[in-house]
Asker: 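Right, I'll just put the structure down here and ask away after.
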Amino acid sequence: MLASRVRRACSLRSVEMLHLRRLSTVNDRTPPSAAPDASSPAGPPPVRVAITETAGRGVFTTRSIGSGELIHSAEPVVCHPSVDDLPAVCYSCLKALDGSEDRRTAAGVAFCGERCMGRSKGSFEVEMGIDFSAYHDYCRSHGLKYPLLVKRLACMVLAGETRVECLDVLQPAYLPMGMIVQIEEEFALLKRAFKAAGLMDERIACIVHSLRRIAASVEAETAVGNAVYMLPSFYNHDCDPNTHIIWLESAVARLKALREIQPGEELRICYIDASLGRDARRALLYQGFGFQCNCPRCLSGD
Ligand SMILES: C[S@@+](CC[C@H](N)C(=O)[O-])C[C@H]1O[C@@H](n2cnc3c(N)ncnc32)[C@H](O)[C@@H]1O
C-alpha cells in the first residue's frame, strides 16, 4: 500500500525526473552526444534562472522567442531505460533500437553504437560487476523507475564519471514522510546489492544518502525510460504554458515555445494534462507535487 502511495506521489512530483515518451510523428536520428543538429540553437540558451514572485526559482527568457522556436535542448544528468524495455532501447541514450543502427550488445543490454557504448564504459563495467537482479525485480514488480536512476548514478559516481554532489542544487525543499519511508526501503535493497559485491563502504553510504534527492520524482507509466535534467528542473508549471518539452528519439529533452514570448517573460511548462478541469488539475498538482497552483488560469477560475 505504501509502495503504491509513494509511487503515485513520485509519479507527479517534479520535472526533475522526466519520463520519456517516444514521439512517433517525429523522426530525428541524431545521437544525443553528437554535434548539435541543425535545429539545435548554437551558444548558451537564451534563458536565466531567477526568483519568481510566487513559485521559488524559475526560468526566464533573455530575448524574444518566436512561436515554435527551439529554446534549448538538455542532455540528461542521468537516464535509465525502463526495465521492461531492455534491450529494446540503448542502455546509454535511450534511443529506441529498431535494428537498423549499429547496435552493440553486452550482458543482456544493447547500445545504439560504439559511441554510446564507449561513453558509458566505466559505469557499465561497475554495474555489470554487481548483481542488481533483486533490485530490478523489485522495481519491475512495484512499477518503480527512480531507483534505477539512483543505481545508475551511483555507478557513474563509482566510475568517476560524475560527482556525488552533481544534483545537490535540485534538493527538494520538502519530502512527504511516506515518501521518505519508501525511499529507505528501496535504498536498503540497493545497499544490499552493493554490499554483496563487496562495495558497501562509507562512500556508498554517502552516495546513496546523497541520491535521495532524485527520488523526489518519477513518472511511473509505460515509457522507454526516465531521466533527470538540470536546467529543465527549474521550469515552473502553468496550466496554460508558453513552453513545452519534447523528446524525439533519445533522452535529449527539447524545450520549445508554444507561442511568441517576450524578453524577460517566465517560461513555464505544464506538468499535467492541461485539458483537465480546474479541480482535477489542482488536485493532481497538490497530491503529486505538493503545491497549490497559483497560475493565472487557476486564479481566474478556468
Ligand atoms: C520542478 S520545481 C520548479 C523549480 C522550483 N520553483 C525551484 O525553485 O526549484 C517544481 C516546484 O516549483 C513550485 N511551483 C512550480 N509551479 C508552480 C505553480 N504554478 N504554482 C505554485 N508553485 C509552483 C512548486 O514548489 C513545485 O514543487
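Numbering of ligands and ligand atoms starts at 1, following listing order.
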Asker: Show every side chain to side chain donor-acceptor pair (under 3.5 Å) that has at least one partner inside residues 289-299, sequence neighbours left out.
Answerer: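 Qualifying pairs, neighbours excluded: Arg297-Asp302.
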
Asker: Any heavy-atom pair between the side chains of Leu94 and Trp247 that's under 4.5 Å?
Answerer: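 Sidechains of Leu94 and Trp247: no contact.
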
Asker: On a heavy-atom basis, I'd like to know which of Arg268, Gln292, Arg297, His237 is closest to atom 16 (N) of ligand 1.
Answerer: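 It is His237 that holds the nearest heavy atom.
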
Asker: Answer yes or no for Arg119 and Phe111: cation-pi contact, defined as NZ/CZ to six-membered ring centre under 6.0 Å and angle to ring axis within 45°.
Answerer: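 Checked: cation-pi criterion not met.
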
Asker: What residues, two or more places apart in sequence or in another chain, satisfy side-chain hydrogen bond (donor to acceptor under 3.5 Å, both in side chains) together with Asp240?
Answerer: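 Partners of Asp240 under the side-chain hydrogen bond (donor to acceptor under 3.5 Å, both in side chains) test: none.
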
Asker: So is there a nitrogen or oxygen of Phe291 less than 3.5 Å from a nitrogen or oxygen in ligand 1?
Answerer: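 In this structure, Phe291 places no N or O atom under 3.5 Å from an N or O of ligand 1.
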
Asker: Could you tell me if Lys151 sits above the aromatic ring of Tyr135, with its cationic atom closer than 6.0 Å to the ring centre and no more than 45 degrees from the axis?
Answerer: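 No, Lys151 does not lie over the aromatic ring of Tyr135.
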
Asker: So, does Ser233 sit close enough to ligand 1 that a heavy atom of it is under 4.0 Å from the ligand?
Answerer: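 Yes, Ser233 has heavy atoms under 4.0 Å from ligand 1.
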
Asker: Who gets closest to atom 13 (C) of ligand 1 by heavy atom: Ile269, Asp238, Thr52, Asn236?
Answerer: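 It is Asn236 that holds the nearest heavy atom.
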
Asker: At a 4.0 Å threshold, what atoms of ligand 1 neighbour a non-hydrogen atom of Tyr235?
Answerer: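 The list of qualifying atoms is 1 (C), 3 (C).
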
Asker: Counting each atom of ligand 1 from 1 as listed, which ones have a heavy atom of Tyr271 under 4.0 Å away?
Answerer: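 Near Tyr271, meaning under 4.0 Å from one of its heavy atoms, ligand 1 has 1 (C), 2 (S), 3 (C), 10 (C), 15 (C).
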
